A.B. asks: 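This is the structure I have questions about; it appears just below.
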Amino acid sequence: MTKLRLAIVGAGPAGIYAADILLKAERSFDVSIDLFDHLPAPYGLVRYGVAPDHPRIKGIITALRDVLDRGDIRIFGNVRFGTDLTLDDLKQHYNAVIFATGAVHDAELRIPGIDAEGSYGAADFVSWYDGHPDYPREWPLDAREVAVIGNGNVALDVARILAKHADDLLPTEIPANVYAGLKASPVTDVHVFGRRGPTSVKFTPLELRELGELRDVDMIVYDEDFDYDEHAQASVAGNKQIMVIDRVLQSWRARETGAASRRLHLHFYAKPTEVVTDASGRVSALRYERTRPDGQGGVVGTGEIRETPVQALYRAVGYFGSPLPGVPFDEKHGVIPNHEGQVINPDNNEQVYGVYATGWIKRGPVGLIGHTKSDAMETVEHLINDVGNWWTPAAPAEEAIVELLESRGIRYTNLDGWHALDEHEIALGAPEGRARIKVVDRDEMVRVSRRE
Ligand SMILES: Cc1cc2nc3c(=O)[nH]c(=O)nc-3n(C[C@H](O)[C@H](O)[C@H](O)COP(=O)(O)OP(=O)(O)OC[C@H]3O[C@@H](n4cnc5c(N)ncnc54)[C@H](O)[C@@H]3O)c2cc1C
């Protein structure tokens with residue numbers, strides 16, 4: 001019987017779902033799957049993107065963990081594709097590879113001053129507060145007034161974490177250095193800016209409503225943003241999600257404010273045009289143009305320029321995928337070019353046999369964790385049907401890849417290692433009555449995982 005030796009690169013939800021779906025799929029061949037990730041722990045953005053005060057979503061880790069705990073997928077953590085392993089290595093050892101490497105970097109926002117001191121990408125900040133091992137431990141939280149640019153859920157995450165009192169984050173899994181940094185923050189005002197109106201936002205009702213429940217934080221919305229045109233009125237009437245968002249915003253308009261020590265402002269119809277800096281080159285204000293509805297759901301500039309003083313600025317304008325050595329890459333969209341997960345050579349539009357993509361690196365950085373499941377189904381279906389076009393590896397034995405990693409001195413982690421790290425983090429949290437405290441240092445993660 002034919003056997004599919006499959007490598008999956010990326011142990012986020014997309015990679016784990018792809019493995020699970022393939023193992024459960026109807027097929028005429030055996031499967032043996034190795035899952036690689038450059039981080040010592042699995043789960044991708046569920047561990048290092050989803051906000052720590054969203055325990056219900058973090059809980060998806062339990063479902064992903066159940067898949068791994070079945071024991072029919074080998075995982076190799078702390079192995080980076082492109083440096084520790086190449087495409088040629090994979091061709092030597094496997095019949096095919098699925099790339100599920102996601103998108104971890106901030107998309108660009110090209111306005112003057114965006115590179116000033118005090119101007120940050122949301123993805124970097126998220127990586128800091130979620131304890132990603134490859135980001136600095138220290139984060140400069142010295143601004144009283146902060147701007148967040150963007151109207152998606154990541155902008156709301158960043159604004160919420162900045163505005164929330166650190167003690168209210170303590171029951172979560174935030175690392176000790178993150179608690180200390182947030183505790184010392186002098187922030188009083190967080191301003192969120194969106195180019196379009198309240199009925200065109202990309203955030204979801206649940207995430208918006210949550211802002212109104214923050215202790216000692218006033219929600220500030222501005223009456224001038226609620227003069228809806230016909231298009232906006234139709235959106236509210238015709239779309240349940242927008243209706244709920246509108247209801248939440250309207251309730252804040254009616255709320256008494258003034259008693260809280262912190263404020264979270266939502267500015268709509270505000271198109272950022274420049275990050276203003278002081279004499280030392282530090283962020284001192286956000287300059288933006290007031291926009292107005294164009295009648296078709298978009299906006300046009302009014303020419304009116306405004307400025308809000310801020311000492312720090314975060315751009316939350318989307319994520320962007322990174323190229324992988326030897327694998328085609330679409331520079332414009334930050335994805336691996338593909339047809340339903342079959343990777344395509346962009347020069348001739350022909351399929352690159354044996355190479356597949358799934359998740360955010362396939363589709364771009366939009367959508368929830370659940371969407372990576374349907375992605376994986378589509379990709380796996382093609383992989384199964386392409387049986388005649390797989391690679392023919394010279395060294396398909398399961399031990400061969402282990403020998404290769406060991407010959408290169410790569411300190412890989414495995415499923416047992418994840419259990420060790422998981423137990424260690426839970427034990428760290430126990431004396432303080434917390435569910436877990438994350439280990440942030442990569443070497444320490446590897447040491448604990450390898451039980452050294
Ligand atoms: C800030 C933020 C908050 C979010 N909150 C929510 C939420 O509340 N609810 C929700 O449903 N969705 C949320 N999402 C979306 C969700 O995280 C994504 O839909 C999902 O994680 C995408 O899965 P993925 O597996 O494609 O990518 P990822 O989760 O990014 O996983 C990719 C994996 O590939 C690995 N990798 C990358 N490059 C290499 C390489 N060269 N070699 C080896 N391994 C590599 C990475 O280490 C990572 O583990 C959020 C996203 C962000 C950014």
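All figures in this text were calculated on a predicted structure; none of them were measured in a lab. Throughout, residue positions are numbered sequentially from 1 according to the sequence presented. Whatever order the structure lists them in is the order used to number ligands and atoms, beginning at 1.
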A.B. asks: Can you sort out which atoms of ligand 1 are near Gly44, meaning under 4.0 Å from one of its heavy atoms?
C.D. replies: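 Those qualifying, in numeric order: 29 (O), 31 (O), 48 (C), 49 (O).
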
A.B. asks: Output the list of atoms in ligand 1 that are nearer than 4.0 Å to some heavy atom of Thr372, sorted by atom number.
C.D. replies: 22 (C), 23 (O)

A.B. asks: Looking at Arg436, is its backbone amide N or carbonyl O close enough to the side chain of Glu173 to form a donor-acceptor pair, meaning the two atoms are under 3.5 Å apart?
C.D. replies: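 Looks like no, no N/O pair under 3.5 Å.
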
A.B. asks: So if I count the atoms of ligand 1 from 1 in the order they appear, which ones are less than 4.0 Å from some heavy atom of Ala100?
C.D. replies: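 Going through ligand 1 atom by atom, the ones under 4.0 Å from Ala100 are 32 (C), 33 (C), 34 (O).
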
A.B. asks: Examine Asp157 against ligand 1 and note whether any of their N/O atoms are separated by less than 3.5 Å.
C.D. replies: no

A.B. asks: Using only atom types and a distance under 3.5 Å, with no angle test, would you say the side chain of Thr379 pairs donor to acceptor with the backbone of Ala376?
C.D. replies: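 Checking the backbone N and O of Ala376 against the side chain of Thr379, no donor-acceptor pair under 3.5 Å is found.
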
A.B. asks: Under the 3.5 angstrom rule, does the side chain of Asn338 hit a backbone N or O of Ala357 as a donor-acceptor pair?
C.D. replies: no

A.B. asks: Does the protein come close to atom 14 (N) of ligand 1 - that is, does one of its heavy atoms sit below 4.0 Å from that atom?
C.D. replies: no

A.B. asks: Please list, in number order, the atoms of ligand 1 under 4.0 Å from a heavy atom of Val79.
C.D. replies: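 Here the atoms of ligand 1 in question are 43 (C).
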
A.B. asks: Using modelled atom types only, decide if a donor and an acceptor are shared between the side chain of Arg408 and the backbone of Asp84 within a distance under 3.5 Å.
C.D. replies: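 Confirmed, Arg408 side chain pairs with Asp84 backbone.
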
A.B. asks: Considering His132, Lys362, His54, His38, which one's heavy-atom position lies nearest to atom 43 (C) of ligand 1?
C.D. replies: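 Ranked by closest heavy atom to atom 43 (C) of ligand 1, first place is His38.
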
A.B. asks: Applying a heavy-atom cut-off of 4.0 Å, say which part of Ala122 lies close to ligand 1: side chain, backbone, both or neither.
C.D. replies: neither

A.B. asks: Kindly compute the distance separating OH (Tyr412) from CZ (Arg450), expressed to the nearest 0.5 Å.
C.D. replies: 7.0 Å

A.B. asks: Give yes or no for whether the N/O distance cutoff of 3.5 Å, strictly under, is met between Ile369 and ligand 1.
C.D. replies: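 Such a contact does occur with ligand 1.
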
A.B. asks: Give a yes or no on whether the backbone of Leu39 and the side-chain of Asn78 come within a donor-acceptor separation of less than 3.5 Å.
C.D. replies: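 No, Asn78 side chain to Leu39 backbone: no donor-acceptor pair under 3.5 Å.
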
A.B. asks: Closer than 4.0 Å to some heavy atom of Ala14 - which atoms of ligand 1 meet that?
C.D. replies: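 Heavy-atom distances to Ala14 below 4.0 Å select 24 (P), 25 (O), 26 (O).
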
A.B. asks: Provide, to 0.1 Å, the distance between atom 17 (O) of ligand 1 and the closest protein heavy atom, together with that atom's residue and name.
C.D. replies: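 Scanning the protein heavy atoms, the shortest distance from atom 17 (O) of ligand 1 goes to Leu45 CB, 3.3 Å.
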
A.B. asks: Between His191 and His265, how do the two ring planes meet: parallel, tilted or perpendicular, split at 30° and 60°?
C.D. replies: parallel

A.B. asks: If we only consider heavy atoms of Gly82, is any one of them less than 4.0 Å away from an atom in ligand 1?
C.D. replies: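 So Gly82 does not count as touching ligand 1.
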
A.B. asks: Identify which of Tyr48, Trp360, Tyr319, Phe36 has a heavy atom lying nearest to atom 51 (C) of ligand 1.
C.D. replies: Trp360

A.B. asks: Does the residue Ile60 have a heavy-atom contact with ligand 1, meaning some pair of atoms that are separated by less than 4.0 Å?
C.D. replies: no

A.B. asks: Could you tell me how the ring of Phe320 sits relative to the ring of Phe329: parallel (under 30°), tilted (30 to 60°) or perpendicular (over 60°)?
C.D. replies: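 Taking Phe329 first and then Phe320, their aromatic rings stand perpendicular (interplane angle over 60°).
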
A.B. asks: Answer yes or no for atom 3 (C) of ligand 1: protein heavy atom present at a distance under 4.0 Å?
C.D. replies: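 There is a protein heavy atom less than 4.0 Å from atom 3 (C) of ligand 1.
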
A.B. asks: Near Leu324, which atoms of ligand 1 are under 4.0 Å from a heavy atom of that residue?
C.D. replies: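 Result: 41 (N).
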
A.B. asks: Return the orientation label for the Phe125 and Tyr129 ring planes: parallel under 30°, perpendicular over 60°, tilted otherwise.
C.D. replies: perpendicular

A.B. asks: Using a strict threshold of under 4.0 Å (side-chain N to carboxylate O), is an ion pair present between Arg451 and Asp416?
C.D. replies: yes

A.B. asks: State the atoms of ligand 1, each with its element, that fall below the 4.0 Å cut-off from a heavy-atom position in Leu39.
C.D. replies: 47 (O)

A.B. asks: Of Pro13, Gly12, Gly359, which has the heavy atom at the shortest distance from atom 23 (O) of ligand 1?
C.D. replies: Pro13

A.B. asks: Are the side chain of Lys91 and the backbone N or O of Pro393 linked by a donor-acceptor pair below 3.5 Å?
C.D. replies: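 Answer holds: no.
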
A.B. asks: Out of Asp106, Val327, Asp37, who gets a non-hydrogen atom closest to atom 49 (O) of ligand 1?
C.D. replies: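 Ranked by closest heavy atom to atom 49 (O) of ligand 1, first place is Asp37.
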
A.B. asks: Which atoms of ligand 1 are found less than 4.0 Å from any heavy atom of Ile57?
C.D. replies: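 Matching atoms, with element in brackets: 7 (C), 8 (O), 9 (N).
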
A.B. asks: Specify side chain, backbone, both or neither for Ile361, according to which of its non-hydrogen atoms lie closer than 4.0 Å to ligand 1.
C.D. replies: neither

A.B. asks: State whether the side chain of Asp89 and the backbone N or O of Thr86 hold a donor-acceptor pair below 3.5 Å, judged by distance alone.
C.D. replies: yes

